[in-house]
Amino acid sequence: MNKDRLEIAVRRIRPDEEEPDRLPLRWSTIARLLAFTVPHRGMRNALLCLCVFRAMALPGLAWLVGHIIKGPVATGDGAATFRALAVFTVFFIIADVALYWRIRLAHQIGENVLRDLRDKLMGHLLTQPLSFFHARRHGSLISRMISDIEAMRNGIQNNFFISFVSFGQMSCAAVLMLLANPQLFLVLLAIVPCLLLIHGFFRGKILHASRVQQETFSRVTSALAETVQGIRVTQGFAREDTNAGIFTRLVRSLAGNVVKTASLTALYLPLLELNAQGFMAALIGVGGWAALSGTGTGVGDLVTFFFLADLFFSPITIIGTQLSEATLAMAGAERYFRLLDTPPAWTDKPTAGECPTLKGHVEFRDIHFAYIQDRPVLHGISFVAQPGQVIALVGHTGSGKSTIIGLLAKFQLPLTGQVLVDGHDLADVRQETLRRQMGFVFQQNFLFAGTIAENVKSARPEATDEEIRQAFRDLDCLDLIEDLPAGIHTPCSEKGRGLSMGQQQLVAFARALMANPRILVLDEATSAVDTLTEARLQVALTRLMKGRTCFVVAHRLSTIRRADCVIVLADGRIVERGTHEQLLALQGAYAGLHRDFLSSTT
């Protein structure tokens, strides 16, 4: 494999521009994430109460053990010892029941938050215009929805509540140690600054390593999605080795980042453990000396202090582990909220209203449009389509045909000018109410995983099987569908796999017609249908187009001849318009396109 070719390909797989490698850890991000628990405040508050109880329970039990040793055990009172043991057992059982409910409620609230996060992100994505999706890798969006939200769920479900309990346990143990023996507590205070320094040093490094790890995972997901979706192109151009090399480089990069994060964590936790063991050694020395010298520190106090010290230091490694995992949650949360905070490039006006029942009159008034600022693709487009007319848009690739269709469907907004339907400016009409009265058949149609009938019913969910068959019958192609193994209930996988391109187009036609649209858009709609099937469709389409305003983007002569008006585009401008015969007589741009078409078919 050519090394330069691989290097170029690898450089193309880079993080999206909205995903920088470094961002400071913001408490505002944590607050936004915890805000998703507000709708579940009853469960959350109960869980917090259980966490507080659990944090106090173990230090309380340790305190109780110390008192039993200093009291009944030291005095040899067997009955009092038995009663104290019974109290200890009851308290221990209650603590374990609280632990059960803490874990259960934490998982419940985690799943609820996960659901809300995904619902909110999906709702936000569905408000974005087409340009948003064209500018982003689909694998990256999938990674936000799956891996990042899963990390956020773990951050709330485990990291937050376990850390809450751990810090609470340390605080309770510290207070009880202070009450038990203030002199020994000073030993604890001496080691706390070391713990804080270690934590501060490693926190930023682990957080950054976790962000890089998550972003590398996103790039691996994007590369995998592109390879799977483009497998036909990959195999057609013999790019198997190139794509395999790209994926290998990305996977190795991911593995290296995972190892780096793990190495930092592996160093962080033993250092915390070393400090804890050093404290225990100092405690044995100072406490043992105090007990032997008779300065007031008894063996019972020393045992109690040891129990509490163990409860103080044992959560440190837990907190360290939770910190390592929490950095993944924070990195995922930052990426999630960056996507969630991306506003749509445009939205309907607040005053936009319902689209009234249409007759199909369409007018473009001096439309200018650009996908990229200062690079216009349409210049002064003006035309009128009367109800029931068939308008054919022709021109070379990139002339602006599909852009006009996009403006008509309000997939984009013009820079200047107006698009009017029945005299209503589309700027004043809500886009979803407009599209309910439109039908679309695109050059590349998307079929959802399911059956043929389910895909057709997506235009009208209440349609019956007989109505679906009637749609194919009106298209004069029911026999082609019924010849399939299960007829209209034949399953098709994602993107229509399992059906031929022609069969996919027929399903797309039936889906558009099921909506009973007032405006029908056919964008290279018969490009994947063979000549014999197209001949059968022409008769049906003529009958079905009657009474509907139809916009047809096509290269095939059979479609153009039937148009009431042919609009010829070149470089985003209308250069000719008229019927097929009128334009041929002009011997201009259309006549040249016609000659090219005839020469390509002979």
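Basis for what follows: all heavy atoms, side chains included, without hydrogens, waters or symmetry-related copies. Residues take their numbers from the sequence shown, with the count starting at 1.
- In terms of modelled atom types and a separation under 3.5 Å, the side chain of D422 and the main chain of G360 share a donor-acceptor contact.
- Electrostatic pairing of D341 and R32 counts as a salt bridge here, judged by a charged N lying under 4.0 Å from a carboxylate O.
- Using a 4.5 Å cut-off on side-chain heavy atoms (C-beta onward), I381 and H368 make no contact.
- In plain terms, the two heavy atoms of H489 and T451 that are nearest each other are O-CG2, 3.6 Å.
- Remark: T37 engages R44, I109, V113, I156 in a side-chain contact (heavy atoms from CB on, under 4.5 Å) (not counting sequence neighbours).
- Between L480 and F472 the shortest side-chain heavy-atom distance does not fall below 4.5 Å.
- Under the 4.5 Å side-chain criterion, counting only non-hydrogen atoms from C-beta, I367 is in contact with V419.
- Side-chain contact check for Y336 versus L340: some heavy-atom pair is nearer than 4.5 Å.
- Contacts of F132 classified as ring pair (Phe, Tyr, Trp, His ring centres under 6.0 Å), with partners at least two apart in sequence or in another chain: none.
- The shortest side-chain heavy-atom distance between R595 and Q587 falls under the 4.5 Å cut-off.
- To the nearest 0.5 Å, atoms NZ (K349) and CZ (R430) are separated by 14.5 Å.
- Applying the side-chain hydrogen bond (donor to acceptor under 3.5 Å, both in side chains) test to K359 and every residue at least two apart in sequence or in another chain returns nothing.
- Residues I405 and V553 form a side-chain contact, since some pair of their non-hydrogen atoms from C-beta on lies under 4.5 Å apart.
- For F36, there are no ring pair (Phe, Tyr, Trp, His ring centres under 6.0 Å) partners, not counting sequence neighbours.
- Residue K410 forms a salt bridge (Lys or Arg N to Asp or Glu O under 4.0 Å) with just one option from D428, D348, D425, and that option is D348.
- L358 is not listed as a side-chain neighbour of M438, based on a closest heavy-atom distance of 4.5 Å or more.
- Among residues at least two apart or in separate chains, salt bridge (Lys or Arg N to Asp or Glu O under 4.0 Å) pairs with a member in residues 365-384 are E363-R365.
- Rounding to the nearest 0.5 Å places OG1 of T579 at 8.5 Å from CG of L584.
- To the nearest 0.5 Å, atoms CG (L569) and NE2 (H379) are separated by 11.0 Å.
- When all heavy atoms of P356 and H424 are compared, the pair lying nearest together is CG-NE2, 3.3 Å.
- Residues forming a ring pair (Phe, Tyr, Trp, His ring centres under 6.0 Å) with Y371 (at least two apart in sequence, or on another chain): F369.
- One finds the CG atom of L513 at 13.5 Å from the CD atom of E467 (value rounded to the nearest 0.5 Å).
- The number of heavy-atom neighbours closer than 6.0 Å to CD of Q373, taken from other residues, nucleotides and ligands shown, is 12 or below.
- The closest side-chain heavy-atom distance from V390 to V552 is below 4.5 Å.
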